[in-house]
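A short worksheet on the structure shown next.
For clarity, every value in this text was computed on a predicted model and none was experimentally measured. Atom set for the values below is all heavy atoms of this structure, side chains included, hydrogens, waters and symmetry mates excluded. Reminder, nothing fancy here: chain letters follow the sequence lines and each chain counts from 1.
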2 protein chains.
Amino acid sequence: MLAGMSLRIALLGLLSAVGPASGYDLAKKFERSLNHVWQAGHTQIYPELVKMAADGLLAVEAEGARGRKIYTVTAEGDHELRTWMVEHAPAGAVRSEIALQAFLLPLMTRDQAVGVVERIKAEFEARLETLDCKPRDHFGRYALDLGLAQARTGIRWAEDTLADLKDHP
Amino acid sequence: MLAGMSLRIALLGLLSAVGPASGYDLAKKFERSLNHVWQAGHTQIYPELVKMAADGLLAVEAEGARGRKIYTVTAEGDHELRTWMVEHAPAGAVRSEIALQAFLLPLMTRDQAVGVVERIKAEFEARLETLDCKPRDHFGRYALDLGLAQARTGIRWAEDTLADLKDHP
DNA sequence: CAAGCCATGTAACCAGTTACATGATTAA
DNA sequence: TTAATCATGTAACTGGTTACATGGCTTG
């Protein structure tokens, strides 16, 4: 089991959850439901589906108009998904521009720092709002809970940091 | 100002904070202090420093034994750093294997899901512990606070999710 | 003088983004 | 019939990882 197959896993998961779909369908669902967890555009998805079919993880169930291919998960694909979920220790590594800006705050003047933290706060608030609008009955509900909790934590951090910056001028 | 220049910014920030340093020094400091915020190995750092010097953001202050070059931030480099901090709206996008596993939990059996969440919880706990050991007087303290708060949020999410999984078998 | 660490680099590869290209279908 | 949207793809590039290569310095 190689590292960095998250795109495959995400596609297998989506197909398992919503049933047979085309590349276009999957790209839309990526944007609508997986966005806060993983991102991929159609230019990455189309070729990956072809490779996954070649590797036996997916089968082409039907071919419609203008080359539209409907994919389904094979038994092997389902096995791959479950194995990854159960066995793969997720990489906890973070690469966050927000955290980088937070890291560098002490290099800024007080006024610069206040401006930066206020923008970060707004960013977390926007995130909270978009996540809050998503349907709660959805099968990605646990990830939604995590995202909401982390957005609230970010807002609280920004408030505390603003207070701290005002205390120590 | 192009997107995706976070590595440059991180290097400018480190050099500003700790003073003149070589590529090797910076690689070590990356590992020790920036790890929870951004990652970069020496194979990425060395060529980037050369490019940054060519672009006028850094100057080679001295050359020591075995080709060791000591870099300093130029006025232009300092300007670049400040401009990015003050003007660049940080990308909030997340790409997290942990969140992906959380997303896919409803596809698993109850036992599989419990195992996955327990491993995620352990991951957050490990993160909390490593961050807790870092020095608090350090110039990256705000990022450290954010990391600690988010690790605690992750642990709380895992506990809530485990309770939820046990309630609804 | 050998073992181990210090220190710097290159090359090949993989993942992800941006820009470009094309044609089918639908609605005004 | 023209404009918008649906739908699929390719190519070039950027950022990041892994594997490899090399040689100086230090200490037992």
Side-chain angles (χ1 to χ4, degrees), chain A residues 1-12 20-32 34-35 37-55 58 60-71 84 88 90-97 100, chain B residues 1-12 20-32 34-35 37-55 58 60-71 84 88 90-97 100:
Chain A
M1 179 81 60
L2 289 69
M5 49 185 331
S6 303
L7 177 58
R8 290 188 161 210
I9 298 302
L11 290 168
L12 288 170
S22 68
Y24 185 82
D25 298 333
L26 289 166
K28 269 193 305 184
K29 289 189 197 292
F30 239 98
E31 199 175 303
R32 284 179 197 164
L34 260 183
N35 225 315
V37 155
W38 206 267
Q39 299 86 49
H42 76 275
T43 58
Q44 205 185 351
I45 291 172
Y46 287 131
E48 189 67 28
L49 289 170
V50 171
K51 276 188 238 159
M52 289 166 76
D55 291 349
L58 301 180
V60 177
E61 195 200 56
E63 283 191 58
R66 53 184 136 148
R68 178 185 176 90
K69 285 184 281 270
I70 307 292
Y71 293 94
W84 186 86
H88 177 74
V94 175
R95 199 173 252 135
S96 155
E97 288 192 355
L100 180 56
Chain B
M1 179 82 59
L2 288 71
M5 49 183 333
S6 303
L7 176 57
R8 289 187 160 211
I9 298 302
L11 290 169
L12 287 171
S22 69
Y24 185 82
D25 298 335
L26 289 165
K28 269 193 303 183
K29 288 191 197 293
F30 238 98
E31 200 174 303
R32 286 181 195 160
L34 260 183
N35 226 314
V37 155
W38 206 267
Q39 300 86 50
H42 76 277
T43 58
Q44 206 186 350
I45 291 172
Y46 287 130
E48 190 66 29
L49 289 171
V50 172
K51 275 188 239 159
M52 289 166 76
D55 291 348
L58 300 181
V60 178
E61 193 200 55
E63 282 192 59
R66 52 185 135 150
R68 178 186 178 89
K69 285 184 280 270
I70 307 293
Y71 293 94
W84 185 86
H88 177 73
V94 175
R95 199 172 251 134
S96 154
E97 288 192 356
L100 180 55

Stem ranges for DNA chain D, with three or more consecutive Watson-Crick or G-U pairs under 3.5 Å? C:1-28 with D:1-28
Between B:M52 and B:L12, does the side-chain contact (heavy atoms from CB on, under 4.5 Å) criterion hold? Intermediate values first, please. CA-CA 9 Å; B:M52 289 166 76; B:L12 287 171; 3.7 Å; yes
Anything under 3.5 Å between a protein N or O and an N or O of nucleotides 22-24 of chain C, put it in a table, one pair a line.
none

Residue met sooner reading DNA chain C from 5', once A:S6 and B:D25 are mapped to nucleotides: B:D25
Expressed in angstrom and rounded to an integer, what is the separation of B:E31 atom CD from C:dC6 atom P? 12 Å
Would a 4.5 Å heavy-atom cut-off, applied to side chains only, mark A:E48 and A:Q44 as touching? no
Can you tell if the side chain of B:L49 reaches within under 4.5 Å of the side chain of B:L11, non-hydrogen atoms only? yes
Start and end of chain A contact along DNA chain D [non-hydrogen atoms, under 4.0 Å]: D:dC6 to D:dT17
Spacing of A:K28 atom NZ and A:I45 atom CD1 [to the nearest 0.5 Å]: 12.0 Å
Taking all non-hydrogen atoms of both residues into account, name the closest pair between B:R95 and A:A40 and its distance. NH2-N, 4.5 Å
Which whole-number value in Å describes the distance from B:M5 CE to C:dT17 P? 18 Å
Where A:P20 and A:I70 come nearest, the two heavy atoms and their spacing: CB-CG2, 3.6 Å
B:V60: which residues meet the side-chain contact (heavy atoms from CB on, under 4.5 Å) condition with it, sequence neighbours left out? B:E63, B:K69, B:Y71
Protein-nucleotide distance (A:F30, atom CZ; C:dT17, atom C1'), rounded to Å: 15 Å
Within the distance-only criterion (no hydrogens, no angle test), does the side chain of B:E97 pair as donor or acceptor with the backbone N or O of A:A91 below 3.5 angstrom? yes
What I'd like to find out is whether the side chain of B:F30 reaches to under 4.5 Å of the side chain of B:L7, using heavy atoms alone. yes
What contact category does B:R8 fall into here, base, sugar-phosphate, or nothing, at under 4.0 angstrom with non-hydrogen atoms? nothing
Under a 4.0 Å heavy-atom cut-off, which of residues 43-51 of chain A touch DNA chain D? A:T43, A:Y46
By side-chain contact (heavy atoms from CB on, under 4.5 Å), which residues pair with A:A21, not counting sequence neighbours? A:L15, A:D25, A:L26
On DNA chain C, nearest-nucleotide positions of B:R95 versus B:Y24: which is more 5'? B:Y24
Shortest non-hydrogen contact from A:S6 toward A:W84: OG-CZ2, 4.3 Å
Evaluate side-chain contact (heavy atoms from CB on, under 4.5 Å) for B:K51 paired with B:R8, printing each intermediate quantity in order. CA-CA 10 Å; B:K51 275 188 239 159; B:R8 289 187 160 211; 3.7 Å; yes
Nearest heavy atoms of B:A10 and B:L34, plus distance in Å: CB-CD1, 3.8 Å
